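What follows is a short report on a single structure.
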2 protein chains.
Amino acid sequence: MAVKQQRTLVDQVFEKIFDLLVRGEIPLGGVVNEAALAERFQVSRGPVREAVKHLQGRALVVKEPYLKARVVDLSVVDMIQIFQLREAVEGMSVRLATQNMSNEGLDRLLSDFSDALENQDGPALDVHVRIAEASGNSRIRSLLCDELYYLLRLYRARSGDAPGRRQNAFSEHWQILRAMKARDADLAESLMRAHIARATSALHDLLESRDEDGADQSEKRNAG
Amino acid sequence: MAVKQQRTLVDQVFEKIFDLLVRGEIPLGGVVNEAALAERFQVSRGPVREAVKHLQGRALVVKEPYLKARVVDLSVVDMIQIFQLREAVEGMSVRLATQNMSNEGLDRLLSDFSDALENQDGPALDVHVRIAEASGNSRIRSLLCDELYYLLRLYRARSGDAPGRRQNAFSEHWQILRAMKARDADLAESLMRAHIARATSALHDLLESRDEDGADQSEKRNAG
DNA sequence: TTCAACAAAAGTGTTGACACTTTTTCGTCG
DNA sequence: CGACGAAAAAGTGTCAACACTTTTGTTGAA
């Protein structure tokens, strides 16, 4: 078992637990039992504890001292809040990318996007990741790629996105990339914000169509 | 020692270490030694380890497996990146607050601001915190209050802000509050973004006036 | 003198045991 | 029969010891 490990055990356990969350083996809002996970992964409780602490730092798990750790229950309200944050941050992300990207990098992004559009296998999220990486702002990139997208994956694993939005997303992404190519940072930011705000509106509609069940869910706090 | 503790030891150690950072007892970029801190606080290495992990999650400490943990060295470039992120997020924060605040809450904020302006003791940051809390978006509030402001405090502890900006900040805050009172979310967001962008420009100037020393500092990575 | 290999030291990663807190269960009293 | 309280169970917090990795310091040869 402990032959040679580049990444630390904590990181490996972190990945494994996150996989469990995405696969739904631990349901949203379910309890995260340290001892059970330690037994399952054949490691001690220490690494599991730290991995859970790491998940807590990523806001994927919430807990209080001596209380059971629980997987964050991503309500529609939570998702709306995340999308509001994304709208602001991704707007700035594409603004900075438009200002900072080299012509070569921009052309490469455009051609990669065209390829993905033909092959139909490139996930829509990849465009956002590429833009975040090209923003040149490591903190924005980390917030989007290392934190918010984890939550998005977790949410989509339970309730996939609207079926009609896939095609719209391609067209909206294409418009954003054209604005970037034209070096119009203001336009690129506006388009990106509208792009995300549209998804937020869909969530708002979802919330209204479900306003009969669990009105108390809006009062959840996300420990930091 | 272990008489009665509401907060867990980890949280207490976290606070103590952060105080050490703000006071400058551990210099920026300095090494964080687990054993030494455990000895100093009269606790075991375990809580110190988790507290450092927590600081790492907050991006106040960076480290790699088996390597020494180091306090993040907040360069001017890092600060610019943080301000770019703040510009986007605080813009959204004040937009949401303008839309969501009750008339009573808004009046209370305005009167509290007037009081602080007379007493001269209210820190300028408080306005931003109040707005973030009023945004109704717990994730935005957490990002601003629990993460970015920690870094700001750390940076200001070493190199305080520009002396002339204090007075300007009051006037700019006042304009923002008036836009909120008028329920003009677009204007409030624009003013907030301009307010923060002004500080970012000051940092850019600072960077240019120091372009001779340490040009390699721009290649720092912030582990997430 | 300089470089490489080896040995010692310092520091981090991991583990299992123990202490404390919370929750559940069960018995007793009203 | 229901409510209150104590004991047991489950689970988390803390600790000290051990294993592994990195760094430092020394020795030897080219």
Side-chain angles (χ1 to χ4, degrees), chain A residues 1-17 20-21 25-27 29-73 221 223-224, chain B residues 1-18 20-21 25-27 29-72 221 223-224:
Chain A
M1 170 70 62
V3 186
K4 208 172 95 175
Q5 55 221 8
Q6 290 288 51
R7 305 202 317 286
T8 202
L9 255 185
V10 176
D11 296 331
Q12 298 179 31
V13 172
F14 176 87
E15 294 274 350
K16 288 183 179 178
I17 295 178
L20 258 52
L21 301 192
E25 295 201 34
I26 302 178
V31 177
V32 179
N33 188 325
E34 291 179 3
L37 291 173
E39 171 71 14
R40 172 163 188 163
F41 298 140
Q42 288 295 307
V43 298
S44 167
R45 266 184 50 215
V48 176
R49 267 182 61 77
E50 293 201 17
V52 171
K53 204 90 182 177
H54 206 168
L55 288 163
Q56 194 182 350
R58 287 268 182 283
L60 294 166
V61 160
V62 296
K63 84 156 133 175
E64 291 174 61
Y66 290 108
L67 259 53
K68 300 186 215 293
R70 288 182 172 279
V71 183
V72 64
D73 188 1
R221 74 200 171 294
Chain B
M1 173 188 326
V3 184
K4 208 172 95 175
Q5 54 219 12
Q6 290 288 51
R7 305 200 319 285
T8 201
L9 254 186
V10 176
D11 297 330
Q12 296 179 32
V13 172
F14 176 87
E15 294 274 349
K16 287 184 179 176
I17 296 178
F18 182 68
L20 256 55
L21 301 192
E25 295 201 33
I26 302 179
V31 177
V32 179
N33 188 324
E34 292 179 2
L37 292 172
E39 171 70 16
R40 173 162 188 163
F41 299 139
Q42 287 296 306
V43 297
S44 167
R45 264 184 50 215
V48 175
R49 266 182 63 76
E50 293 201 18
V52 171
K53 204 91 182 177
H54 206 167
L55 288 164
Q56 194 181 350
R58 287 267 183 285
L60 295 167
V61 160
V62 295
K63 84 154 127 176
E64 292 173 60
Y66 292 107
L67 259 54
K68 301 185 215 291
R70 288 183 171 279
V71 182
V72 64
R221 74 200 169 292

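Everything numeric here is computed off the predicted structure, so don't read it as measured data. First the proteins, then the strands, lettered A, B, ... as listed; each starts at 1. Because only heavy atoms are used, hydrogens play no part in the values below, and waters and symmetry mates are left out as well, while side chains stay in.
Listed by chain and residue number, Glu64(B) satisfy the side chain to side chain contact (heavy atoms under 4.5 Å, CB included) test with Leu67(B) (two or more places apart in sequence, or in another chain). With sequence neighbours left out, the side-chain hydrogen bond (donor to acceptor under 3.5 Å, both in side chains) criterion links Arg70(A) to no other residue. Remark: Glu39(A) engages no residue in a side-chain hydrogen bond (donor to acceptor under 3.5 Å, both in side chains) (not counting sequence neighbours). Residues passing the side chain to side chain contact (heavy atoms under 4.5 Å, CB included) test with Ala38(A), sequence neighbours excluded: Arg45(A), Val48(A). Residues satisfying the side chain to side chain contact (heavy atoms under 4.5 Å, CB included) criterion with Val10(A), sequence neighbours excluded, are Thr8(A), Pro47(A), Glu50(A), Ala51(A), Lys53(B). With sequence neighbours excluded, no residue forms a salt bridge (charged side-chain N to carboxylate O under 4.0 Å, His left out) with Glu15(A).
Counting to the nearest Å, the C1' atom of dG13(D) and the CD atom of Gln56(A) are 13 Å from each other. Going from atom CG of Leu55(B) over to atom P of dT12(C) covers 14 Å, rounded to whole Å. Rounded to whole Å, the distance from CD on Glu50(B) to P on dT12(C) is 15 Å. One can place CD of Glu39(B) at 11 Å from P of dA16(D), the figure rounded to the nearest angstrom. When the P atom of dT14(C) is taken as reference, atom CZ of Phe41(A) falls 14 Å away, rounded to whole Å.
For Val10(A), taking side-chain heavy atoms from C-beta onward, the closest of the listed nucleotides dT14(D), dT15(C), dT14(C) is dT14(C).
Taking 4.5 Å as the limit, some side-chain heavy atom of Lys63(A) sits within range of a side-chain heavy atom of Val52(A).
Remark: Thr8(A) is in phosphate contact with dT14(C), judged by side-chain N or O atoms under 4.0 Å from OP1 or OP2.
Considering Val61(B), Val71(B), Leu60(B), Leu37(B) in turn, Leu37(B) is the only one that fulfils the side chain to side chain contact (heavy atoms under 4.5 Å, CB included) rule with Ile17(B).
Taking five base pairs at each end of the helix from dT1(C)-dA30(D) to dG30(C)-dC1(D) and finding the rotation axis that steps the C1' atoms of four pairs onto the next four gives two axes whose angle is 10°, to the nearest 10°.
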Expected rows: protein N/O vs nucleotides 8-12 of chain D N/O, under 3.5 Å:
| unit_1 | atom_1 | unit_2 | atom_2 | d |
| --- | --- | --- | --- | --- |
| dG11(D) | OP1 | Asn33(A) | ND2 | 3.3 |

